[in-house]
Number of protein chains: 2
Amino acid sequence: MKDISQKLIGLLHRGYATPQIARIAKRLKEPSTTIHYNIKKLENEGQVKAYKAVFDYKKIEQGFCAYVLLNFSPDEYGDPERIGRELAKYEEIESVDIITGDWEMVIKVRANDQDAYYEFVKSVISRKGVSKITTLMSLKQIKTEFVEL
Amino acid sequence: MKDISQKLIGLLHRGYATPQIARIAKRLKEPSTTIHYNIKKLENEGQVKAYKAVFDYKKIEQGFCAYVLLNFSPDEYGDPERIGRELAKYEEIESVDIITGDWEMVIKVRANDQDAYYEFVKSVISRKGVSKITTLMSLKQIKTEFVEL
DNA sequence: CTAATTATTTGAATTTTATTCAATAAGATA
DNA sequence: TATCTTATTGAATAAAATTCAAATAATTAG
């Protein structure tokens, strides 16, 4: 047996989906060629970054979720944006923002469980340049990626 | 002229997309019927909640983004989860989580600009039961919804 | 352990959908 | 107004999804 589902989840995570032109056309009561034209326009103008799946993360062994607030030491490795772009490469990280206020960055992290999260923090997030880490652990995810759960 | 793009953005926000079976099949070097079978299985088991677009929010007049940390007064209107589900209905709100620690809830909000955000906080987020609001305003969005910007 | 049952894989045929193309219409510009 | 650009749309084509039936693999029951 091939285990295809994990590969599918991996691909659908960030892309490998496409708009349903015919369904949108029916819904908006417009010809599908009009919808097609307008969607391609949105894509060509860069307004659409990707089409992707949103998962029930509990069911795909990614039930643990936390928001992590970070501070950086002012001296070493300086640039928070560079660090942010490096962190963004990890597929465990859903979002990365540089923010105002008492913290400099907030990242949203998903993991299988608290142990996996702890390992991820230890190996990836804790690093030279990070001076303080505050974890806001999600007890109940009500909405994510604009999709209600 | 019809302004279709706003309607498209509205629909593609939460759904109206579908997986690209043929492209996935090529990528994984499997027959498209096998991919089809496995994707339907994921869907039927409820592992996939939706297929949707991710936008370049600056380009669709949703450039403002903030994480809002909330506390509730213990007495009135009690249930944070109920409040969370009500907030989740607003399309301006990308995510809602009930969390551990100094705050009880974190929501991620998008708006056209700071003024629109302020109006949204005034009219929707501030309400009986909310005792404290802390805004972490995003200065730079590096990754969102698992998509790098 | 073996038989029976269930789940998965796959090619061929069919149905549906996306895409291309050309003509027209609408809007913008000079 | 005349000209150029952008948007809409139907018809034709190309591509993709879906259905179906058969074969294979995995699991379960006896």
Side-chain angles (χ1 to χ4, degrees), chain A residues 1-63 91 112 145-149, chain B residues 1-63 91 112 145-149:
Chain A
M1 195 88 62
K2 307 166 180 180
D3 190 8
I4 287 175
S5 66
Q6 281 311 110
K7 291 176 185 174
L8 289 178
I9 290 168
L11 292 180
L12 292 171
H13 215 230
R14 288 185 200 69
Y16 285 90
T18 192
Q20 292 179 294
I21 292 173
R23 192 151 80 93
I24 293 167
K26 260 180 213 161
R27 168 68 182 267
L28 298 184
K29 297 190 170 69
E30 299 285 350
S32 68
T33 44
T34 301
I35 301 303
H36 183 267
Y37 175 86
N38 280 279
I39 285 180
K40 291 308 157 194
K41 189 162 170 280
L42 282 182
E43 292 172 2
N44 293 335
E45 287 168 352
Q47 301 197 61
V48 176
K49 296 292 290 182
Y51 301 100
K52 53 153 283 176
V54 176
F55 298 99
D56 187 332
Y57 293 97
K58 277 190 209 156
K59 291 187 179 168
I60 62 166
E61 310 296 317
Q62 293 284 116
E91 65 174 16
N112 182 263
E145 296 158 84
F146 294 104
V147 176
E148 293 177 56
L149 302 175
Chain B
M1 197 89 60
K2 308 167 181 180
D3 190 10
I4 287 175
S5 66
Q6 282 310 111
K7 292 177 183 173
L8 289 177
I9 290 168
L11 291 179
L12 292 171
H13 215 229
R14 289 185 200 70
Y16 285 90
T18 191
Q20 292 180 293
I21 292 174
R23 190 151 82 94
I24 293 168
K26 261 180 211 160
R27 168 69 181 269
L28 298 183
K29 296 192 172 69
E30 299 285 351
S32 69
T33 45
T34 301
I35 301 303
H36 183 268
Y37 174 87
N38 280 278
I39 285 180
K40 291 307 156 195
K41 190 162 170 277
L42 282 183
E43 292 172 1
N44 293 335
E45 288 169 351
Q47 301 196 63
V48 176
K49 296 292 290 182
Y51 301 100
K52 54 153 281 177
V54 176
F55 298 98
D56 186 332
Y57 293 97
K58 277 190 210 158
K59 291 187 180 170
I60 63 166
E61 311 295 317
Q62 293 285 115
E91 66 175 15
N112 183 263
E145 296 158 85
F146 294 104
V147 175
E148 294 177 54
L149 302 175

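Note on naming: letters A, B, ... go to the chains in the order of the sequence lines (proteins, then strands), and numbering restarts at 1 for each one.
Residues satisfying the side-chain contact (heavy atoms from CB on, under 4.5 Å) criterion with Glu148(B), sequence neighbours excluded, are Ala88(A), Lys89(A), Lys143(B). Here Gln47(B) pairs with Glu45(B) under the side-chain hydrogen bond (donor to acceptor under 3.5 Å, both in side chains) rule; sequence neighbours left out. Looking at residues two or more places apart in sequence or on another chain, you find a side-chain hydrogen bond (donor to acceptor under 3.5 Å, both in side chains) between Lys40(B) and Glu43(B). Here Glu30(B) pairs with Lys2(A) under the side-chain hydrogen bond (donor to acceptor under 3.5 Å, both in side chains) rule; sequence neighbours left out. Applying the side-chain hydrogen bond (donor to acceptor under 3.5 Å, both in side chains) test to Asp3(A) and every residue at least two apart in sequence or in another chain returns Ser5(A).
Nucleotide dT8(C) holds its P atom 17 Å from the CG atom of Leu28(B), rounded to whole Å. As rounded to whole Å, 17 Å separates atom P of dA7(C) from atom CG of Asp3(A). Put simply, OH on Tyr51(B) is 16 Å from P on dT17(C), counting in whole angstrom units. Atoms CD (Gln6(B)) and P (dA7(D)) sit 14 Å apart, rounded to a whole Å. Atoms CG (Asn44(A)) and P (dT6(D)) sit 13 Å apart, rounded to a whole Å.
Contact check of residues 17-25 of chain B against DNA chain D (heavy atom, cut-off under 4.0 Å) returns Pro19(B), Gln20(B), Ile21(B), Ala22(B). Residues from residues 34-41 of chain B that place a heavy atom under 4.0 Å from any atom of DNA chain C, listed by number: Thr34(B), Tyr37(B), Asn38(B), Lys41(B).
Across its full length, the helix from dC1(C)-dG30(D) to dA30(C)-dT1(D) shows an angle of 50° between the axes of its 5 terminal pairs at either end, rounded to 10 degrees.
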Could you walk me through whether Thr18(B) and Thr18(A) pass side chain to side chain contact (heavy atoms under 4.5 Å, CB included), step by step? CA-CA 5 Å; Thr18(B) 191; Thr18(A) 192; 4.0 Å; yes
Pull out every protein N or O sitting under 3.5 Å from an N or O of nucleotides 25-28 of chain C, one pair per line with the distance.
| residue | atom | partner | partner atom | Å |
| --- | --- | --- | --- | --- |
| dG27(C) | OP1 | Met1(B) | N | 2.8 |

Dump the pairs, protein N or O against N or O of nucleotides 14-16 of chain C, anything under 3.5 Å, distances to one decimal.
none

Extract from the structure each pairing of a protein N or O with an N or O of nucleotides 10-12 of chain D at less than 3.5 Å, listing the distance.
| residue | atom | partner | partner atom | Å |
| --- | --- | --- | --- | --- |
| dG10(D) | N7 | Thr33(A) | OG1 | 3.3 |

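Taking all atoms of both residues into account, the shortest heavy-atom contact from Gly15(A) to Lys52(A) is N-CB, 3.8 Å. In terms of heavy atoms, Thr34(B) sits closest to Asn38(B) at O-ND2, 2.8 Å.
Between Lys49(B) and Glu145(A) there is no salt bridge, since no side-chain N of the basic residue sits under 4.0 Å from a carboxylate O of the acidic one.
Tyr51(B) is listed as a side-chain neighbour of Leu12(A), based on a closest heavy-atom distance under 4.5 Å.
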Under 3.5 Å, which donor-acceptor pairs do the side chains of residues 19-28 of chain B form with other protein atoms, sequence neighbours left out?
| residue | atom | partner | partner atom | Å |
| --- | --- | --- | --- | --- |
| Gln20(B) | OE1 | Arg23(B) | NE | 2.9 |
| Gln20(B) | OE1 | Arg23(B) | NH2 | 3.0 |
| Arg27(B) | NH1 | Tyr16(A) | OH | 2.6 |

